[in-house]
Amino acid sequence: MTQAPVEDGTSDRYDPHAVQDRWLPVWDRLDLFRAGRRAGASKMYVLDMFPYPSGDLHMGHAEAFGIGDVVARYWMRRGYDVLHPIGWDSFGLPAENAAIKRGEHPATWTYQNIDTQAESFRRYAVSFDWSRRLHTSDPEYYRWTQWLFLRFLERGLAYRKSSAVNWCPNDQTVLANEQVVGGRCERCGAEVTKRELTQWYFRITEYADRLLDDMAQLEGRWPDRVLLMQKNWIGRSTGAHVDFLVRTADGDRAVTVFTTRPDTLYGATFFVVAADAPLAEQLCAPAQREAFEAYREQVRKLSDIDRQSTDRPKTGVDLGVVAVNPLNGEELPVYAADYVLADYGTGAIMAVPAHDQRDLDFARELGLPVRVVVDTGEADPADTGVATAGDGVLVNSGPLDGLRKEEAIAKAVEVLGERGTGQSAVNYRLRDWLLSRQRFWGCPIPVVHCPSCGEVPVPDDQLPVRLPDMRGADLQPKGQSPLASNREWVETACPSCGGAAERDTDTMDTFVDSSWYFLRYCSPDHEGGPFDIEKVREWMPVAQYVGGVEHAILHLLYARFFTKVLHDMGLVEPVEPFAALLNQGQVILNGSAMSKSTGNLVELGEELARYGVDAVRLSMVFAGPPEDDIDWADVSPTGSVKYLARVARLAADVGALPPSDARDEEVDRAVARAVDEATRLTESHRLNVSVARFMELTSALRKGVDGGAGAASLRDGVEALAVMLSCYAPYTAEEAWSRLGHDVDAGDSVHDATWPTADPALLVQQSVTCVVQVAGKVRDRLEVPPGIGEDELRELALASDAVRRSLDGRAVRTVVVRPPKLVNVVPT
RNA sequence: GCCCGGGUGGUGGAAUGUAGACACGGAGGGCUUAAACCCCUCCGCCUUUCGAGGCGUGCGGGUUCGAAUCCCGCCCCGGGCACCA
């Protein structure tokens with residue numbers, strides 16, 4: 001598989017593997033990337049989303065960490081004290097599943113993979129500060145995950161409730177809303193079903209407003225689409241809570257609904273309760289009980305996917321009771337239906353078929369009346385089947401008649417308020433974060449269930465609640481955590497009364513672990529708390545976060561939530577953890593995602609063996625903008641190898657030139673231009689264009705060498721190139737640096753060098769190409785001084801032969817002059 | 001269905017008043033006993049008297065002296081949400 005080194009036929013060979021073998025041990029010894037090395041320098045935190053240890057690194061890691069490394073190294077070269085840590089998100093389902101399959105312990109599998117990945121990262125030459133390495137499955141780490149959980153519990157932000165939850169029948173565990181994608185389990189793809197279970201939640205909904213409003217700080221620094229996805233996911237809608245009185249067999253009962261359209265209250269012609277909500281059962285008249293239960297059974301059998309399919313006809317059942325409209329006293333029939341969701345709003349709605357499509361569909365299905373109360377100028381929904389949701393003038397609405405929609409909403413809320421039957425309200429699509437999992441390989445929930453004291457938190461000084469070893473035990477998922485079968489572990493003394501009690505047997509969602517790891521990196525060995533507040537103050541927030549868009553509404557939302565809670569606890573200063581975010585694209589192959597199961601796969605290890613680390617890294621960034629997907633079938637690592645060999649050859653040639661002070665203005669200008677542009681381009685993450693500038697500079701320097709240009713200029717130019725390239729292709733840059741005569745072994749590494757600066761005087765061009773257009777078409781090009789005046793340029797342009805020829809005798813109407821770059825001559 | 005993002009040579013992609021930088025790929029040439037490596041030239045489409053001319057950034061309009069870029073309407077591709085009242 002390994003290709004013979006590229007023979008360049010001239011003075012020097014460039015063998016990428018030999019270069020790697022030469023410099024890697026030297027770098028290890030020089031310890032170049034430890035945060036805090038540059039005392040007094042400004043601090044900068046550059047972070048890559050930490051990996052999950054499944055097998056060795058793959059092409060996706062190479063892309064993401066390659067980009068992150070360019071960013072980190074760039075700021076190091078710019079003189080910043082950069083924190084660029086690495087760790088592993090090492091709890092989680094895949095470890096457990098793999099372990100079950102291989103009959104191994106999850107820890108064995110996990111830590112073996114971590115070691116493999118760590119060694120691969122080292123060879124891939126990512127500029128990590130290895131002294132801060134952490135694993136979320138270490139007791140030293142999860143002790144503090146538990147500590148944080150207890151703080152959330154104290155603040156009422158962690159709680160247990162019984163509810164219909166997402167259940168993955170394959171993984172045999174509950175899932176958070178965020179982990180259900182299109183009705184399927186995010187991990188395994190199985191269809192998710194519902195189960196009524198008592199589970200632990202984080203009250204993330206309490207932070208919904210701040211999660212939404214603080215996004216203003218992130219605008220322009222996070223990708224727009226991530227902000228938009230979070231905004232839609234939180235889904236704030238404003239409207240009103242309205243209290244209806246429902247006449248049940250057991251007497252009258254107030255039932256509140258949420259609506260965004262209180263203005264349409266007079267158009268309500270029926271009332272609907274979610275069939276699977278406890279409320280439906282409570283309201284149901286005895287005579288209808290049998291029909292209701294049959295319907296509810298039918299609903300429960302539906303999978304989420306079927307239930308959510310949009311073109312399914314609306315179904316429901318009459319509950320045999322009526323709800324009283326608080327505005328006009330009208331009695332409305334009450335239905336149970338599955339198009340109303342139990343866990344959004346209050347699980348009950350007032351139905352206004354004329355102005356809501358879903359209500360209209362239901363009304364037409366069951367032959368219920370449709371009453372227009374907002375005249376929008378459109379045809380009657382009862383005839384067309386199309387509800388009118390737009391603005392208009394209120395009709396058939398008593399005191400609201402004649403008002404426009406917005407006015408009517410305000411008026412309706414006012415009237416409801418006066419009568420004490422409603423008020424304005426805000427509702428969110430966001431649900432609380434279900435964090436408990438019925439699986440083994442996770443952070444134990446530090447709570448004890450005591451028959452007399454109830455839920456008792458484990459005292460801080462008894463943390464961590466260690467995950468028992470359970471080597472050899474059956475970890476097969478069976479619907480409750482395997483921990484439950486370990487009686488020795490489960491049975492414990494109540495921390496409060498000392499009586500016999502049982503540990504909570506669930507473990508936490510791994511997204512809890514990853515919601516604060518970036519804080520732990522600031523002081524990874526801290527023992528007095530999850531992190532050293534002072535160190536966090538020094539480094540946070542993360543200046544540049546790099547990771548995939550797949551975490552747009554999972555990890556990124558949770559980490560933002562955690563940071564806000566910790567801010568409220570006075571532990572963290574910023575309210576946002578990640579000041580800037582870069583979403584790198586995916587590496588795909590022949591148009592589709594790489595996947596082991598379909599065999600559509602390129603192994604990173606093989607590519608590295610074939611082309612070398614630098615060529616793979618360079619190909620990744622040169623292929624296109626960082627945020628775009630890369631189809632590996634379209635890239636040419638061979639081209640990258642050739643380019644890197646050119647650089648090494650150039651450095652050898654220039655390094656061999658006899659010492660001289662001779663300069664060359666043309667070379668100096670080319671270098672200054674490249675430095676100036678590459679600086680801006682790297683800083684704005686336009687890495688592919690930056691590489692193009694390096695290639696141009698390389699060609700210019702080659703031309704200089706072959707043409708006998710001044711040695712001092714050539715030497716400065718290759719040094720500048722080596723330093724800039726060191727962020728992109730660290731091995732080759734070091735090799736070039738060494739060939740220029742730097743004693744790397746003695747500590748003079750290119751990775752400790754300073755990013756070059758461009759002399760502004762050299763950036764001023766002596767002449768500029770001015771484009772001369774006639775009627776907007778380019779007819780001539782003139783070389784003019786950059787400071788040329790408008791009048792002078794106009795005359796010069798009008799005197800051009802090409803312009804005269806093109807005008808062909810026509811008179812000139814106007815001349816647009818934009819010195820020094822453009823003249824547009826407009827004929828009549 | 002609703003909400004985003006995007007359509008530029010054979011390919012990946014550059015370009016905010018010169019469309020196609022930089023590459024990949026292709027053609028031709030140099031070096032070589034030969035090949036590889038390396039170096040040079042050319043490659044959007046059409047016409048051409050070789051001077052140049054016409055057409056071109058998904059399609060159709062518009063604004064402007066000037067539009068790949070801004071606006072309107074379509075078409076296609078990708079992504080997010082999906083009975084959220």
Side-chain angles (χ1 to χ4, degrees), chain A residues 4-10 13-14 181-183 223-233 235-237 239 257-261 264 272 274 307-312 314 337-341 343-352 355-359 361-362 389 427-431 549 552-553 619 622-625 627-640 642-643 645-646 649 686 688-696 698-699 702 706 769-781 802 805-806 813-818 821-827:
Chain A
V6 178
E7 302 282 348
D8 64 17
T10 59
R13 289 154 40 101
Y14 172 76
V181 180
D224 287 343
R225 70 172 164 153
V226 172
L227 293 176
L228 193 70
M229 281 163 73
Q230 292 213 357
K231 184 171 175 247
N232 292 339
W233 187 260
R236 176 159 63 192
S237 51
V257 301
F258 174 75
T259 176
T260 54
R261 295 294 302 277
T264 62
V272 189
R307 184 165 171 179
Q308 284 167 3
S309 96
T310 43
D311 45 4
R312 201 167 53 92
K314 297 270 182 292
D338 65 358
Y339 82 92
V340 171
L341 306 177
D343 57 352
Y344 181 79
T346 62
I349 62 153
M350 63 175 208
V352 185
H355 307 297
D356 182 283
Q357 192 60 49
R358 295 152 302 182
D359 295 343
D361 293 342
F362 187 81
N427 220 333
Y428 302 92
R429 220 191 71 109
L430 183 71
R431 313 292 204 270
V549 74
I553 45 175
S619 300
F622 186 53
E627 44 287 305
D628 287 6
D629 287 352
I630 298 171
D631 194 326
W632 199 246
D634 293 334
V635 314
S636 169
T638 305
S640 298
K642 287 182 186 176
Y643 170 69
R646 283 183 81 200
R649 206 160 53 236
R686 308 198 38 224
N688 55 326
V689 188
S690 191
V691 171
R693 297 295 171 263
F694 297 156
M695 290 173 169
E696 285 171 338
T698 305
S699 297
R702 178 83 254 166
D706 295 345
T769 304
C770 177
V771 171
V772 185
Q773 302 176 330
V774 175
K777 290 186 199 302
V778 180
R779 297 300 174 187
D780 202 3
R781 291 181 169 82
R805 205 177 329 121
S806 179
R813 193 173 64 189
T814 45
V815 182
V816 179
V817 186
R818 296 279 179 276
K821 298 199 71 164
L822 180 122
V823 177
N824 188 8
V825 180
V826 186

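Proteins come first, then strands; the chains are lettered A, B, ... in the order of their sequence lines, and each starts at number 1.
Using atom C1' as the reference point in both B:rU11 and B:rU49, the two lie 36 Å apart (nearest Å). Separation of the P atoms belonging to B:rG12 and B:rG7 is 12 Å when rounded to the nearest angstrom. Nucleotides B:rU57 and B:rA67 are separated by 11 Å at their P atoms, to the nearest Å. Going from the C1' atom of B:rU63 to that of B:rG73 covers 15 Å, rounded to whole Å. With both ends at atom C1', the span from B:rC45 to B:rA35 equals 37 Å, rounded to whole Å. Between the C1' atoms of B:rG9 and B:rC46, the separation comes to 15 Å (whole Å). Between B:rG44 and B:rG20, the distance separating the two P atoms is 10 Å to the nearest Å. Going from the P atom of B:rA19 to that of B:rC24 covers 26 Å, rounded to whole Å.
The side chain of A:Tyr339 lies closest to B:rC83 when the candidates are B:rC83, B:rG80, B:rU18. Comparing B:rC65, B:rC81, B:rU18 against the side chain of A:Ile553 picks out B:rC81 as the nearest. Of the candidate nucleotides B:rA85, B:rC22, B:rC3, B:rC3 has the atom nearest to the side chain of A:Leu228. Listed nucleotides: B:rC83, B:rC38, B:rA23. Nearest to the side chain of A:Ser699: B:rA23. Set against B:rC22, B:rA85, B:rG66, the side chain of A:Glu696 has B:rC22 as its closest nucleotide. Distance from the side chain of A:Ala692 is smallest for B:rA21 among the nucleotides B:rA21, B:rC55, B:rC37. Ranking B:rA85, B:rC81, B:rA23 by closeness to the A:Trp233 side chain, first place goes to B:rC81.
Contact check for A:Met695 versus A:Tyr643: side-chain heavy atoms found under the 4.5 Å cut-off. Counting heavy atoms from C-beta on, the side chains of A:Val549 and A:Pro223 never come closer than 4.5 Å. Counting heavy atoms from C-beta outward, A:Ser699 and A:Arg646 have side chains that approach closer than 4.5 Å. Looking at A:Val352 and A:Met350, their side chains come closer than 4.5 Å, going by heavy atoms from C-beta outward.
Between A:Ala348 and A:Met695, it is A:Met695 whose nearest contact on RNA chain B lies nearer the 5' terminus. Along RNA chain B, the nucleotide nearest A:Thr769 and the nucleotide nearest A:Phe258 are compared for position; the residue whose nucleotide lies closer to the 5' end is A:Thr769.
Under 3.5 Å, the side chain of A:Arg225 and the base of B:rG5 form no donor-acceptor pair of N or O atoms. Between the side chain of A:Lys642 and the base of B:rC38 there is no donor-acceptor pair of N/O atoms closer than 3.5 Å.
In terms of modelled atom types and a separation under 3.5 Å, the side chain of A:Gln773 and the main chain of A:Arg779 share no donor-acceptor contact. Checking side-chain atoms of A:Asn824 against main-chain N and O of A:Gly776 turns up a donor-acceptor pair under 3.5 Å. Under a 3.5 Å cut-off, the side chain of A:Thr698 and the backbone N or O of A:Phe694 do form a donor-acceptor pair.
Under the salt bridge (charged side-chain N to carboxylate O under 4.0 Å, His left out) criterion, A:Arg818 pairs with no residue at all, not counting sequence neighbours. Here A:Asp634 pairs with nothing under the salt bridge (charged side-chain N to carboxylate O under 4.0 Å, His left out) rule; sequence neighbours left out. Residues passing the salt bridge (charged side-chain N to carboxylate O under 4.0 Å, His left out) test with A:Arg702, sequence neighbours excluded: A:Asp653, A:Asp706.
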Output a table of nitrogen or oxygen pairs between the protein and nucleotides 41-52 of chain B separated by less than 3.5 Å.
none

Quick test: give all pairs of protein nitrogen or oxygen and nucleotides 12-16 of chain B nitrogen or oxygen below 3.5 Å, distance rounded to 0.1 Å.
unit_1	atom_1	unit_2	atom_2	d
B:rG12	O2'	A:Ala623	O	2.6
B:rG13	O3'	A:Asn688	ND2	3.3
B:rA14	OP1	A:Asn688	ND2	3.0
B:rA15	OP1	A:Arg686	NH1	3.3
B:rA15	OP1	A:Arg686	NH2	2.1
B:rA15	OP2	A:Arg686	NH2	3.2

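Protein atom CG of A:Leu341 is 7 Å distant from nucleotide atom P of B:rC83, rounded to whole Å. Across the protein-nucleic acid pair, A:Gln773 atom CD and B:rA19 atom C1' stand 12 Å apart, rounded to whole Å. Spacing between atom CG of A:Leu822 and atom C1' of B:rC65 amounts to 10 Å, rounded to whole angstrom units. Here the P atom of nucleotide B:rC4 and the CG atom of A:Asn232 are 9 Å apart, to the nearest Å. One interatomic measurement links the two molecules: CG of A:Asp224 to P of B:rC4, which rounds to 11 Å at whole-angstrom precision. When the P atom of B:rA85 is taken as reference, atom CG of A:Asn427 falls 8 Å away, rounded to whole Å. Taking atom CZ of residue A:Arg649 and atom P of nucleotide B:rC38, one finds them 7 Å apart after rounding to whole Å. A straight line from OH of A:Tyr643 to C1' of B:rA23 spans 12 Å, rounded to a whole angstrom.
No option in A:Val772, A:Val771, A:Val825 other than A:Val772 meets the side-chain contact (heavy atoms from CB on, under 4.5 Å) test with A:Asp780.
Heavy atoms of A:Ser237 sit under 4.0 angstrom from primed sugar atoms or phosphate atoms, though from no base atom. Using a 4.0 Å heavy-atom criterion, one finds that A:Arg646 contacts the sugar-phosphate atoms exclusively. Among the heavy atoms of the strands, none lies under 4.0 Å from A:Thr814.
A salt bridge is defined here as a Lys NZ or Arg NE, NH1 or NH2 lying under 4.0 Å from an Asp or Glu carboxylate O, and A:Arg429 with A:Asp343 fails to meet this definition.
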Item to check | Structure string for RNA chain B in dot-bracket form, Watson-Crick and G-U at under 3.5 Å, | interchain | outcome: (((((((..(((....[....)))((((((.......))))))((((....))))..(((((..]....))))))))))))....
Checklist entry - Should A:Arg312 and A:Asp338 be marked as a side-chain contact (heavy atoms from CB on, under 4.5 Å) after you check the CA-CA gap, both sets of side-chain angles, and the distance that decides it? => result CA-CA 11 Å; A:Arg312 201 167 53 92; A:Asp338 65 358; 3.1 Å; yes
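Under 3.5 Å, the side chains of A:Asp359 and A:Tyr339 contain a donor-acceptor pair of N or O atoms. Side chains of A:Thr260 and A:Ser237: no donor on one and acceptor on the other come within 3.5 Å.
Anti is the conformation of B:rG62, whose glycosidic angle sits further than 90° from 0. Base orientation of B:rG9: syn (glycosidic angle within 90° of 0).
In terms of phosphate contacts, A:Lys777 brings a side-chain nitrogen or oxygen within less than 4.0 Å of OP1 or OP2 of B:rC55. OP1 and OP2 of B:rG66 both lie 4.0 Å or more from every side-chain N or O belonging to A:Arg818.
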